[in-house]
Amino acid sequence: MSAGVAATLTASALASVDLSLTLPLQGVLGGIGDLVFGILLWFLEQWYWLMDWVYYFTGVEMLNPEYRYMHRALLVGLCIGVMAPLIGTFLVHRQLALIGDALAHTGFAGVAVGLFLNAVLDLGVSPYLTAVVVAMIAALFIELISEVTDAYNDVSMAIVLSTGFALGTTLISLNAGGLAVGVNQFLFGNLATVSPQSAAILLVLFAVIVVTVALTRNQLLYVTFDETAAAVSGISVNWYNRVMVMLTAMVVVGAMQIMGVILVAAMLVVPVAGATQVSRSFSESLLVSVVLAELAVFLGIGVAYYTGVTAGGIIVLVAVGIYICAVALGKVQSARGDQATPDMGSIEADSVDVGVGRDD
(Lines give C-alpha, C1' and ligand atoms only; values in the text may rest on other atoms or scores of the structure.)
Protein backbone atom coordinates (compact mmCIF):
# COMPACT_ATOMS: atom_id res chain seq x y z
CA MET A 1 0.00 0.00 0.00
CA SER A 2 1.39 3.38 -0.96
CA ALA A 3 1.75 6.28 1.46
CA GLY A 4 -0.92 8.23 -0.45
CA VAL A 5 -3.49 5.44 -0.11
CA ALA A 6 -2.62 5.03 3.58
CA ALA A 7 -3.09 8.75 4.16
CA THR A 8 -6.47 8.73 2.36
CA LEU A 9 -7.80 5.79 4.38
CA THR A 10 -6.60 7.30 7.65
CA ALA A 11 -8.18 10.67 6.88
CA SER A 12 -11.47 9.00 5.88
CA ALA A 13 -11.60 7.02 9.11
CA LEU A 14 -11.02 10.13 11.20
CA ALA A 15 -13.66 12.07 9.25
CA SER A 16 -16.32 9.54 10.29
CA VAL A 17 -15.69 10.18 14.00
CA ASP A 18 -17.71 12.83 15.84
CA LEU A 19 -14.84 14.82 17.32
CA SER A 20 -17.20 17.17 19.16
CA LEU A 21 -17.73 14.50 21.81
CA THR A 22 -14.07 14.64 22.76
CA LEU A 23 -13.65 18.42 22.81
CA PRO A 24 -14.29 18.89 26.58
CA LEU A 25 -11.78 16.16 27.47
CA GLN A 26 -9.27 17.59 25.01
CA GLY A 27 -9.68 21.01 26.63
CA VAL A 28 -8.99 19.66 30.12
CA LEU A 29 -6.04 17.54 29.03
CA GLY A 30 -4.69 20.41 26.95
CA GLY A 31 -4.85 22.77 29.91
CA ILE A 32 -3.03 20.30 32.17
CA GLY A 33 -0.44 19.66 29.49
CA ASP A 34 0.19 23.36 28.98
CA LEU A 35 0.60 23.87 32.73
CA VAL A 36 3.08 20.99 33.09
CA PHE A 37 5.01 22.03 30.00
CA GLY A 38 5.12 25.62 31.27
CA ILE A 39 6.62 24.47 34.58
CA LEU A 40 9.19 22.37 32.75
CA LEU A 41 10.16 25.26 30.49
CA TRP A 42 10.60 27.42 33.58
CA PHE A 43 12.93 24.75 34.99
CA LEU A 44 14.87 24.75 31.73
CA GLU A 45 15.31 28.51 32.01
CA GLN A 46 16.76 28.06 35.50
CA TRP A 47 19.12 25.40 34.12
CA TYR A 48 20.23 27.79 31.38
CA TRP A 49 20.94 30.40 34.04
CA LEU A 50 23.02 27.90 36.03
CA MET A 51 25.00 26.90 32.93
CA ASP A 52 25.58 30.57 32.09
CA TRP A 53 26.90 31.13 35.60
CA VAL A 54 29.26 28.15 35.29
CA TYR A 55 30.44 29.43 31.90
CA TYR A 56 31.31 32.89 33.19
CA PHE A 57 33.34 31.40 36.03
CA THR A 58 35.05 28.61 34.08
CA GLY A 59 35.13 29.81 30.48
CA VAL A 60 34.36 26.30 29.19
CA GLU A 61 33.50 26.81 25.54
CA MET A 62 30.70 24.26 25.25
CA LEU A 63 28.79 26.04 28.04
CA ASN A 64 28.63 29.28 26.01
CA PRO A 65 25.15 30.84 26.34
CA GLU A 66 24.89 30.75 22.56
CA TYR A 67 24.90 26.94 22.66
CA ARG A 68 21.59 26.23 24.37
CA TYR A 69 21.45 22.81 22.73
CA MET A 70 24.57 21.84 24.68
CA HIS A 71 22.94 22.99 27.92
CA ARG A 72 19.98 20.75 27.15
CA ALA A 73 22.28 17.87 26.18
CA LEU A 74 24.07 18.14 29.53
CA LEU A 75 20.75 18.15 31.39
CA VAL A 76 19.61 15.08 29.46
CA GLY A 77 22.95 13.41 30.19
CA LEU A 78 22.62 14.20 33.89
CA CYS A 79 19.19 12.55 34.00
CA ILE A 80 20.33 9.53 31.98
CA GLY A 81 23.28 9.05 34.33
CA VAL A 82 20.80 8.56 37.17
CA MET A 83 17.95 6.75 35.43
CA ALA A 84 19.93 4.14 33.50
CA PRO A 85 21.91 2.61 36.40
CA LEU A 86 18.93 3.02 38.74
CA ILE A 87 16.95 0.60 36.57
CA GLY A 88 19.93 -1.24 35.12
CA THR A 89 21.06 -2.45 38.54
CA PHE A 90 17.83 -4.41 38.92
CA LEU A 91 18.01 -5.71 35.34
CA VAL A 92 21.60 -6.94 35.62
CA HIS A 93 20.85 -8.85 38.82
CA ARG A 94 17.80 -10.38 37.13
CA GLN A 95 19.86 -11.37 34.07
CA LEU A 96 17.74 -9.15 31.81
CA ALA A 97 20.58 -7.02 30.51
CA LEU A 98 19.52 -7.41 26.86
CA ILE A 99 15.98 -6.13 27.39
CA GLY A 100 17.32 -2.65 26.70
CA ASP A 101 18.14 -3.64 23.12
CA ALA A 102 14.65 -5.02 22.54
CA LEU A 103 12.95 -1.90 23.87
CA ALA A 104 15.35 0.41 22.04
CA HIS A 105 14.33 -1.11 18.72
CA THR A 106 10.65 -0.80 19.58
CA GLY A 107 11.37 2.77 20.66
CA PHE A 108 12.68 3.33 17.14
CA ALA A 109 9.36 1.95 15.86
CA GLY A 110 7.62 4.51 18.09
CA VAL A 111 9.69 7.30 16.55
CA ALA A 112 8.70 6.03 13.10
CA VAL A 113 5.02 6.03 14.15
CA GLY A 114 5.31 9.63 15.30
CA LEU A 115 7.01 10.74 12.08
CA PHE A 116 4.41 8.88 10.01
CA LEU A 117 1.46 10.42 11.87
CA ASN A 118 2.97 13.89 11.64
CA ALA A 119 3.43 13.50 7.89
CA VAL A 120 -0.02 12.03 7.22
CA LEU A 121 -2.18 13.88 9.76
CA ASP A 122 0.01 16.87 10.61
CA LEU A 123 -0.47 16.22 14.35
CA GLY A 124 2.71 17.97 15.44
CA VAL A 125 3.34 15.33 18.13
CA SER A 126 6.88 14.72 19.32
CA PRO A 127 8.30 11.43 17.95
CA TYR A 128 9.85 10.84 21.37
CA LEU A 129 6.40 10.93 22.94
CA THR A 130 5.09 8.26 20.58
CA ALA A 131 8.30 6.32 21.23
CA VAL A 132 7.51 6.28 24.97
CA VAL A 133 4.01 4.90 24.32
CA VAL A 134 5.12 2.23 21.84
CA ALA A 135 8.09 1.15 23.99
CA MET A 136 5.89 0.78 27.08
CA ILE A 137 3.38 -1.31 25.13
CA ALA A 138 6.25 -3.46 23.85
CA ALA A 139 7.55 -3.87 27.40
CA LEU A 140 4.18 -5.22 28.49
CA PHE A 141 4.15 -7.59 25.51
CA ILE A 142 7.52 -9.00 26.58
CA GLU A 143 6.06 -9.91 29.96
CA LEU A 144 2.77 -11.12 28.43
CA ILE A 145 4.50 -13.46 25.97
CA SER A 146 6.60 -14.96 28.79
CA GLU A 147 3.57 -15.44 31.04
CA VAL A 148 1.15 -16.83 28.43
CA THR A 149 3.49 -19.07 26.43
CA ASP A 150 5.98 -20.02 29.17
CA ALA A 151 8.74 -18.92 26.79
CA TYR A 152 12.05 -17.81 28.19
CA ASN A 153 12.56 -14.08 28.54
CA ASP A 154 15.18 -14.03 25.78
CA VAL A 155 12.64 -15.54 23.36
CA SER A 156 10.01 -12.90 24.09
CA MET A 157 12.63 -10.16 23.87
CA ALA A 158 13.82 -11.46 20.48
CA ILE A 159 10.26 -11.53 19.15
CA VAL A 160 9.50 -7.97 20.31
CA LEU A 161 12.89 -6.66 19.10
CA SER A 162 12.46 -8.03 15.58
CA THR A 163 8.82 -6.94 15.38
CA GLY A 164 9.60 -3.42 16.57
CA PHE A 165 12.47 -2.86 14.19
CA ALA A 166 10.50 -4.36 11.29
CA LEU A 167 7.62 -1.96 12.01
CA GLY A 168 9.98 1.00 12.22
CA THR A 169 11.78 0.25 8.96
CA THR A 170 8.46 -0.39 7.18
CA LEU A 171 7.01 2.97 8.23
CA ILE A 172 10.23 4.78 7.35
CA SER A 173 10.33 3.11 3.92
CA LEU A 174 6.82 4.36 3.19
CA ASN A 175 8.34 7.86 3.19
CA ALA A 176 4.96 9.22 4.24
CA GLY A 177 3.76 12.26 2.33
CA GLY A 178 7.10 12.61 0.55
CA LEU A 179 8.82 13.41 3.87
CA ALA A 180 12.56 12.79 3.82
CA VAL A 181 13.19 11.23 7.19
CA GLY A 182 16.70 11.50 8.59
CA VAL A 183 17.01 8.40 10.74
CA ASN A 184 20.66 8.76 11.69
CA GLN A 185 19.88 10.95 14.71
CA PHE A 186 17.61 8.23 16.08
CA LEU A 187 19.99 5.38 15.30
CA PHE A 188 23.16 7.02 16.63
CA GLY A 189 21.99 9.99 18.70
CA ASN A 190 22.74 13.66 18.22
CA LEU A 191 23.51 16.36 20.77
CA ALA A 192 22.15 19.11 18.52
CA THR A 193 18.68 17.56 18.27
CA VAL A 194 17.81 17.78 21.98
CA SER A 195 14.93 20.25 21.72
CA PRO A 196 13.20 21.97 24.66
CA GLN A 197 10.19 19.71 24.09
CA SER A 198 12.18 16.47 24.16
CA ALA A 199 14.12 17.69 27.21
CA ALA A 200 10.80 18.39 28.95
CA ILE A 201 9.56 14.89 28.14
CA LEU A 202 12.75 13.44 29.61
CA LEU A 203 12.31 15.44 32.82
CA VAL A 204 8.83 13.94 33.23
CA LEU A 205 10.21 10.43 32.65
CA PHE A 206 13.01 11.12 35.13
CA ALA A 207 10.54 12.18 37.84
CA VAL A 208 8.29 9.17 37.23
CA ILE A 209 11.20 6.70 37.35
CA VAL A 210 12.85 8.11 40.48
CA VAL A 211 9.57 8.39 42.41
CA THR A 212 8.41 4.91 41.38
CA VAL A 213 11.68 3.25 42.36
CA ALA A 214 11.74 5.14 45.67
CA LEU A 215 8.21 3.93 46.51
CA THR A 216 8.67 0.31 45.38
CA ARG A 217 12.36 -0.30 46.14
CA ASN A 218 11.92 -3.07 48.70
CA GLN A 219 9.33 -4.94 46.63
CA LEU A 220 11.53 -4.73 43.54
CA LEU A 221 14.46 -6.06 45.55
CA TYR A 222 12.54 -9.10 46.76
CA VAL A 223 11.20 -9.85 43.28
CA THR A 224 14.67 -9.40 41.78
CA PHE A 225 16.45 -11.86 44.04
CA ASP A 226 13.80 -14.42 44.97
CA GLU A 227 10.49 -14.41 43.10
CA THR A 228 9.23 -17.47 44.97
CA ALA A 229 9.79 -15.93 48.41
CA ALA A 230 8.28 -12.67 47.19
CA ALA A 231 5.15 -14.45 45.99
CA VAL A 232 4.83 -16.36 49.29
CA SER A 233 5.11 -13.10 51.22
CA GLY A 234 2.16 -11.68 49.27
CA ILE A 235 3.99 -9.53 46.73
CA SER A 236 2.42 -9.51 43.25
CA VAL A 237 5.42 -10.69 41.26
CA ASN A 238 3.80 -10.24 37.85
CA TRP A 239 2.77 -6.68 38.68
CA TYR A 240 6.25 -5.63 39.75
CA ASN A 241 7.76 -7.36 36.75
CA ARG A 242 5.54 -5.20 34.56
CA VAL A 243 6.51 -2.10 36.50
CA MET A 244 10.19 -2.86 35.96
CA VAL A 245 9.93 -3.40 32.19
CA MET A 246 7.83 -0.25 31.77
CA LEU A 247 10.39 1.80 33.69
CA THR A 248 13.06 0.28 31.44
CA ALA A 249 11.12 1.44 28.39
CA MET A 250 11.07 4.99 29.77
CA VAL A 251 14.83 4.96 30.35
CA VAL A 252 15.53 3.60 26.88
CA VAL A 253 13.47 6.25 25.11
CA GLY A 254 14.91 9.02 27.25
CA ALA A 255 18.49 7.95 26.59
CA MET A 256 17.79 7.51 22.88
CA GLN A 257 18.09 11.26 22.35
CA ILE A 258 21.86 11.32 22.76
CA MET A 259 22.73 7.60 22.70
CA GLY A 260 20.73 6.39 19.73
CA VAL A 261 18.88 3.10 19.30
CA ILE A 262 22.00 1.03 18.67
CA LEU A 263 23.92 2.05 21.81
CA VAL A 264 21.26 2.96 24.35
CA ALA A 265 21.27 -0.43 26.12
CA ALA A 266 24.94 0.04 27.07
CA MET A 267 24.08 2.64 29.72
CA LEU A 268 21.78 0.14 31.42
CA VAL A 269 24.55 -2.44 31.73
CA VAL A 270 28.13 -1.16 31.53
CA PRO A 271 28.15 1.23 34.55
CA VAL A 272 26.36 -1.39 36.65
CA ALA A 273 28.85 -4.08 35.60
CA GLY A 274 31.70 -1.80 36.61
CA ALA A 275 30.10 -0.94 39.95
CA THR A 276 29.69 -4.60 40.90
CA GLN A 277 33.46 -5.06 40.64
CA VAL A 278 34.19 -2.65 43.49
CA SER A 279 30.98 -2.75 45.59
CA ARG A 280 30.04 -4.99 48.49
CA SER A 281 26.28 -4.47 48.66
CA PHE A 282 23.34 -3.71 46.40
CA SER A 283 22.94 -0.16 47.71
CA GLU A 284 26.63 0.58 47.31
CA SER A 285 26.55 -0.89 43.80
CA LEU A 286 23.61 1.34 42.93
CA LEU A 287 25.37 4.48 44.15
CA VAL A 288 28.69 3.65 42.47
CA SER A 289 26.97 2.81 39.18
CA VAL A 290 25.30 6.25 39.12
CA VAL A 291 28.69 7.93 39.71
CA LEU A 292 30.31 5.89 36.93
CA ALA A 293 27.44 6.58 34.55
CA GLU A 294 27.57 10.34 35.18
CA LEU A 295 31.33 10.31 34.64
CA ALA A 296 30.95 8.45 31.34
CA VAL A 297 28.16 10.71 30.11
CA PHE A 298 29.84 14.03 30.89
CA LEU A 299 33.26 12.95 29.63
CA GLY A 300 31.65 11.51 26.51
CA ILE A 301 29.63 14.65 25.78
CA GLY A 302 32.74 16.79 26.25
CA VAL A 303 34.85 14.67 23.92
CA ALA A 304 32.03 14.55 21.37
CA TYR A 305 31.70 18.34 21.37
CA TYR A 306 35.39 19.11 20.97
CA THR A 307 36.16 16.35 18.46
CA GLY A 308 32.93 16.30 16.46
CA VAL A 309 32.39 12.55 16.87
CA THR A 310 29.04 10.90 17.57
CA ALA A 311 28.10 11.38 21.22
CA GLY A 312 26.54 7.95 21.76
CA GLY A 313 29.58 6.06 20.54
CA ILE A 314 32.12 7.99 22.57
CA ILE A 315 29.97 7.79 25.73
CA VAL A 316 29.87 4.00 25.44
CA LEU A 317 33.61 3.80 24.78
CA VAL A 318 34.30 5.94 27.86
CA ALA A 319 31.93 3.75 29.90
CA VAL A 320 33.75 0.61 28.76
CA GLY A 321 37.08 2.21 29.64
CA ILE A 322 35.77 2.99 33.12
CA TYR A 323 34.53 -0.60 33.41
CA ILE A 324 38.02 -1.92 32.60
CA CYS A 325 39.49 0.35 35.26
CA ALA A 326 36.88 -0.86 37.76
CA VAL A 327 37.75 -4.50 37.00
CA ALA A 328 41.44 -3.77 37.55
CA LEU A 329 40.70 -1.93 40.80
CA GLY A 330 38.53 -4.80 42.00
CA LYS A 331 41.33 -7.29 41.31
CA VAL A 332 43.82 -5.12 43.19
CA GLN A 333 41.48 -4.81 46.17
CA SER A 334 40.95 -8.56 46.25
CA ALA A 335 44.68 -9.23 46.02
CA ARG A 336 45.37 -6.85 48.90
CA GLY A 337 42.58 -8.37 50.96
CA ASP A 338 40.71 -5.05 51.23
CA GLN A 339 37.49 -6.78 50.26
CA ALA A 340 36.28 -10.11 48.99
CA THR A 341 35.03 -10.65 45.47
CA PRO A 342 31.66 -8.84 45.26
CA ASP A 343 28.68 -11.12 45.72
CA MET A 344 25.89 -10.01 43.40
CA GLY A 345 23.47 -12.38 45.08
CA SER A 346 23.32 -10.67 48.46
CA ILE A 347 21.50 -7.43 49.13
CA GLU A 348 20.26 -5.51 52.11
CA ALA A 349 16.59 -4.58 52.40
CA ASP A 350 15.00 -3.38 55.62
CA SER A 351 18.09 -4.42 57.56
CA VAL A 352 17.67 -8.03 56.42
CA ASP A 353 19.95 -9.83 53.96
CA VAL A 354 17.83 -11.07 51.10
CA GLY A 355 19.08 -13.10 48.19
CA VAL A 356 20.82 -16.23 47.12
CA GLY A 357 24.50 -17.04 47.00
CA ARG A 358 26.32 -17.76 43.77
CA ASP A 359 27.85 -21.05 42.84
CA ASP A 360 31.57 -20.46 42.35
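The CG atom of Asp101 sits 9.0 Å away from the CG atom of Leu268 when rounded to the nearest 0.5 Å. Between Met250 atom CE and Leu202 atom CG the span is 12.0 Å, to the nearest 0.5 Å. Rounding to the nearest 0.5 angstrom, the gap separating the CD1 atom in Ile87 from the OG1 atom in Thr248 is 6.0 Å. Separation of atoms OG1 (Thr212) and CG (Leu220) is listed at 9.0 Å; rounding is to 0.5 Å. Atoms CG and CD, on Leu140 and Glu143 in that order, are 8.5 Å from each other to the nearest 0.5 Å. For the atom pair CE of Met83 and CG of Leu78, the computed distance is 10.0 Å after rounding to the nearest 0.5 Å.
Following chains of ILVMFWY side-chain contacts shorter than 4.5 Å, one cannot reach Met246 starting from Leu215, and the two form parts of different hydrophobic clusters. Hydrophobic cluster membership is shared by Trp42 and Leu50, with clusters built from Ile, Leu, Val, Met, Phe, Trp and Tyr side chains linked at under 4.5 angstrom. Side-chain heavy atoms closer than 4.5 Å link hydrophobic residues (I, L, V, M, F, W, Y) into clusters, and following such links, even through other members, never connects Met267 to Leu161. With hydrophobic clusters built from ILVMFWY side chains whose heavy atoms lie under 4.5 angstrom apart, Leu98 does not share a cluster with Phe165. Hydrophobic cluster membership differs between Val297 and Leu287, with clusters built from Ile, Leu, Val, Met, Phe, Trp and Tyr side chains linked at under 4.5 angstrom.
Counting all heavy atoms, side chain and backbone alike, Ala138 lies closest to Val160 at CB-CG1, 3.7 Å. Looking at every heavy atom in both residues, Ile80 comes nearest to Gly254 through CD1-O, 3.9 Å. Contact record, Arg94 with Thr224: CG-CG2, 3.2 Å, taken as the closest heavy-atom pair. Taking all atoms of both residues into account, the shortest heavy-atom contact from Met51 to Leu74 is SD-CD1, 4.1 Å. The heavy-atom pair separating Ser285 from Ser279 by the smallest distance is CA-OG, 3.4 Å. Across all non-hydrogen atoms, the minimal contact from Ile301 to Gly77 is CD1-CA, 4.4 Å.
Between Gln219 and Val243, every side-chain heavy-atom pair lies at or beyond the 4.5 Å cut-off. Residues Leu292 and Pro85 are not in side-chain contact: their nearest non-hydrogen atoms beyond the backbone lie 4.5 Å or more apart. The closest side-chain heavy-atom distance from Pro65 to Tyr55 is below 4.5 Å. Contact of the Phe43 side chain with the Leu75 side chain is registered, since non-hydrogen atoms from C-beta on lie closer than 4.5 Å. Residues Leu103 and Met157 have side chains not in contact (no heavy-atom distance under 4.5 Å, counting atoms from C-beta outward). Inter-residue side-chain proximity for Val132 and Met136 is flagged as met; some heavy-atom pair is nearer than 4.5 Å. Within the 4.5 Å cutoff, no side-chain heavy atoms of Gln277 are placed close to those of Leu329. Counting heavy atoms from C-beta outward, His71 and Asp52 have side chains that approach closer than 4.5 Å.
Using modelled atom types, no side-chain atom of Thr89 and backbone atom of Leu286 make a donor-acceptor pair closer than 3.5 Å. Using a distance-only test at 3.5 Å, with no hydrogens or angles considered, no donor-acceptor pair links the side chain of Thr310 to the main chain of Gly313.
Taking the six-membered ring for Trp and the full ring otherwise, Phe225 and Phe90 have centroids separated by 6.0 Å or more. Two rings, from Phe57 and Trp53, have their centers less than 6.0 Å apart.
Checking Arg242 against Ser236 by side-chain atom types alone, no donor-acceptor pair falls below 3.5 Å. Counted by atom type alone, Ser198 and Ser195 present one or more donor-acceptor pairs between their side chains at under 3.5 Å.
Within a 6.0 Å radius of CZ in Phe141, no more than 12 heavy atoms belonging to other residues, nucleotides or ligands are found.
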Could you walk me through whether Tyr222 and Tyr240 pass side-chain contact (heavy atoms from CB on, under 4.5 Å), step by step?
-> CA-CA 10 Å; Tyr222 277 94; Tyr240 285 103; over 6 Å; no
What do the steps show when you test Arg72 against Trp47 for side-chain contact (heavy atoms from CB on, under 4.5 Å), and what is the final call?
-> CA-CA 8 Å; Arg72 292 190 293 270; Trp47 177 257; 6.0 Å; no
Please lay out, stage by stage, how Met244 and Val223 fare under the test side-chain contact (heavy atoms from CB on, under 4.5 Å).
-> CA-CA 10 Å; Met244 179 53 58; Val223 172; over 6 Å; no
Stepwise side-chain contact (heavy atoms from CB on, under 4.5 Å) test for Val278 and Val327 | CA-CA 8 Å; Val278 295; Val327 171; over 6 Å; no
